[in-house]
2 protein chains.
Amino acid sequence: MTYVLEILGDKWSFLIIRDMLFRGCCRYKHFIESDEGVATNILANRLKKLTQHGLITQCKDPENGRQKLYHLTDKGLDLIPSILQLVKWSGHHDPHSVLSEKIMHYLDDRFDEAVDIVKQQYLQACDHEQVSAECHPFN
Amino acid sequence: MTYVLEILGDKWSFLIIRDMLFRGCCRYKHFIESDEGVATNILANRLKKLTQHGLITQCKDPENGRQKLYHLTDKGLDLIPSILQLVKWSGHHDPHSVLSEKIMHYLDDRFDEAVDIVKQQYLQACDHEQVSAECHPFN
DNA sequence: TCTAATACTTGCAAAATGAAAGTAATTCCA
DNA sequence: TGGAATTACTTTCATTTTGCAAGTATTAGA
């Protein structure tokens with residue numbers, strides 16, 4: 001477990017992965033525009049670190065050379081169960097949680113299915129390179 | 001998910017909970033003696049924070065008034081699935097992982113059972129106030 | 001009552017973070 | 001073709017957090 005904490009042992013790394021999964025973030029400016037407000041230097045640092053550890057990849061946007069695209073690797077996608085468990089815990093214990101009962105039941109009763117759904121939706125969103133302005137229901 | 005990161009968004013908090021679950025740590029000196037080497041001020045700070053957020057409780061050791069006992073609350077125990085998913089991910093992707101194949105199969109195939117086992121073992125260890133020198137197999 | 005043990009707190013240097021401004025590469029548009 | 005705008009960073013510097021070492025308070029035991 002020390003291994004995962006070396007890589008993700010700070011809140012920004014987790015939030016970057018969450019934003020990729022649940023909001024379809026795949027460009028620098030998407031992350032910058034995200035709610036929590038990362039500093040640009042921290043974001044660059046974390047994207048580099050996550051890339052070095054093989055959780056995400058970087059490539060030039062073939063349609064716009066001044067943009068880069070960030071995507072989760074299989075190793076990164078493998079974090080979905082961990083992240084959904086954290087989402088679930090937050091949903092149960094955060095007094096200000098905004099998760100619907102429906103979603104919570106889903107996470108409680110059909111966890112593995114939820115993992116698949118998140119993964120499939122992410123892969124689809126990557127294909128269409130769509131970024132949703134509003135959040136994914138699991139966020 | 002912001003909620004859990006507010007509380008556990010640094011590696012020490014996670015490691016403290018892990019040490020409680022898998023090594024039966026329940027006293028200040030246990031945490032200090034633990035492998036990773038927390039600084040005493042950081043440990044005190046995190047124990048306070050975790051207590052304020054209701055993940056652990058502090059009480060005087062009835063048998064030794066100069067010691068305090070730290071125990072996980074239900075809210076803290078509820079983190080077992082999250083932590084085991086992180087352990088599982090580390091087991092799969094850490095090139096230097098020391099987890100046995102048996103344990104990995106357990107986590108892969110009978111996750112919910114593993115969660116129960118960890119919880120029951122923790123509660124038992126609390127009753128007997130035993131701290132294991134060697135690690136819990138899931139560590 | 002003196003000493004040891006335990007659980008902290010304090011002080012200070014070093015590292016990490018955050019905000020603001022600057023830079024480099026690319027594209028858009030006149 | 002050349003200047004402005006976009007995007008993805010980097011740099012600088014003040015503030016915060018961390019980590020180490022040393023000190024303190026309370027309790028236990030001889």
Exercise for review: Return yes when atom CG of B:Asp74 has more than 12 non-hydrogen atoms of other residues, nucleotides or ligands closer than 6.0 Å, and no otherwise.
Suggested key: no
Exercise for review: Take atom NZ of B:Lys75 as the centre, draw a 6.0 Å sphere, and report whether it contains more than 12 heavy atoms from other residues, nucleotides or ligands.
Suggested key: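 Counting neighbours around NZ of B:Lys75, more than 12 heavy atoms of other residues, nucleotides or ligands fall under 6.0 Å, so yes.
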**Study point:** Flag, side chain of A:Tyr3 to backbone of B:Trp89, donor-acceptor distance under 3.5 Å
**Key:** no
Check your understanding: Quick check: does any side chain N or O of A:Thr51 sit under 3.5 Å from a backbone N or O of A:Thr57, one acting as donor and the other as acceptor?
Key ->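 Side chain of A:Thr51 to backbone of A:Thr57, a donor-acceptor pair under 3.5 Å: no, none is there.
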Compare the minimum distances between each of [options] and the side chain of [X], then state the nucleotide with the smallest one.
X: A:Lys29; options: C:dT6, C:dA19, D:dT7; value: D:dT7
X: B:Arg66; options: C:dA4, C:dT26, D:dT7; value: C:dA4
X: B:Tyr28; options: C:dA19, C:dA7, D:dA8; value: C:dA7
X: A:Asn41; options: C:dT17, D:dT11, C:dA5; value: D:dT11
X: A:Ala39; options: C:dT26, C:dG18, D:dT10; value: C:dG18

Can you check the [X] [atom1] to [N] [atom2] distance for me, whole Å?
X: B:Glu36; N: D:dG19; atom1: CD; atom2: P; value: 12 Å
X: A:Asn45; N: C:dA15; atom1: CG; atom2: P; value: 15 Å
X: B:Glu63; N: D:dT27; atom1: CD; atom2: P; value: 17 Å
X: A:Leu15; N: C:dG18; atom1: CG; atom2: C1'; value: 15 Å
X: B:Gln58; N: D:dT26; atom1: CD; atom2: C1'; value: 15 Å
X: A:Ile32; N: D:dT10; atom1: CD1; atom2: P; value: 12 Å
X: B:Leu43; N: D:dT18; atom1: CG; atom2: P; value: 13 Å
X: A:Ile42; N: D:dT15; atom1: CD1; atom2: C1'; value: 13 Å

Point to revise | Nearest-nucleotide 5' precedence on DNA chain C, A:Asp10 against A:Thr40 | key: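 Its nearest nucleotide being more 5', the pick is A:Asp10.
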Review point. Can A:Asp10 and A:Lys49 be counted as an ion pair, charged N to O under 4.0 angstrom?
Key: no
Phosphate OP1/OP2 of [N] contacted by [X] side-chain N/O (<4.0 Å):
X: A:Trp12; N: C:dT17; result: no
X: A:Lys60; N: D:dA8; result: no
X: B:Arg27; N: C:dA5; result: no
X: B:Arg46; N: D:dT18; result: yes

Point to revise | Contact nearer the 5' end of DNA chain D, comparing A:Lys48 with A:Gln67 | key: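 In this pair, the answer is A:Gln67.
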Exercise for review: Classify the nucleic acid contact of A:Asn64 as base, sugar-phosphate or nothing, counting any heavy atom under 4.0 Å across all strands shown.
Suggested key: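 Sugar-phosphate, backbone atoms only, no base.
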Review point. Base, sugar-phosphate, or nothing: which does B:Lys11 touch, judged by heavy atoms less than 4.0 Å apart?
Key: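 Here B:Lys11 touches no strand at all.
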Review point. For the side chain to side chain donor-acceptor pair (under 3.5 Å) test, which of B:His92, B:Gln85, B:His93 pairs with A:Asp78?
Key: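 With A:Asp78 as partner, B:His92, B:Gln85, B:His93 yield a single side chain to side chain donor-acceptor pair (under 3.5 Å), made by B:His93.
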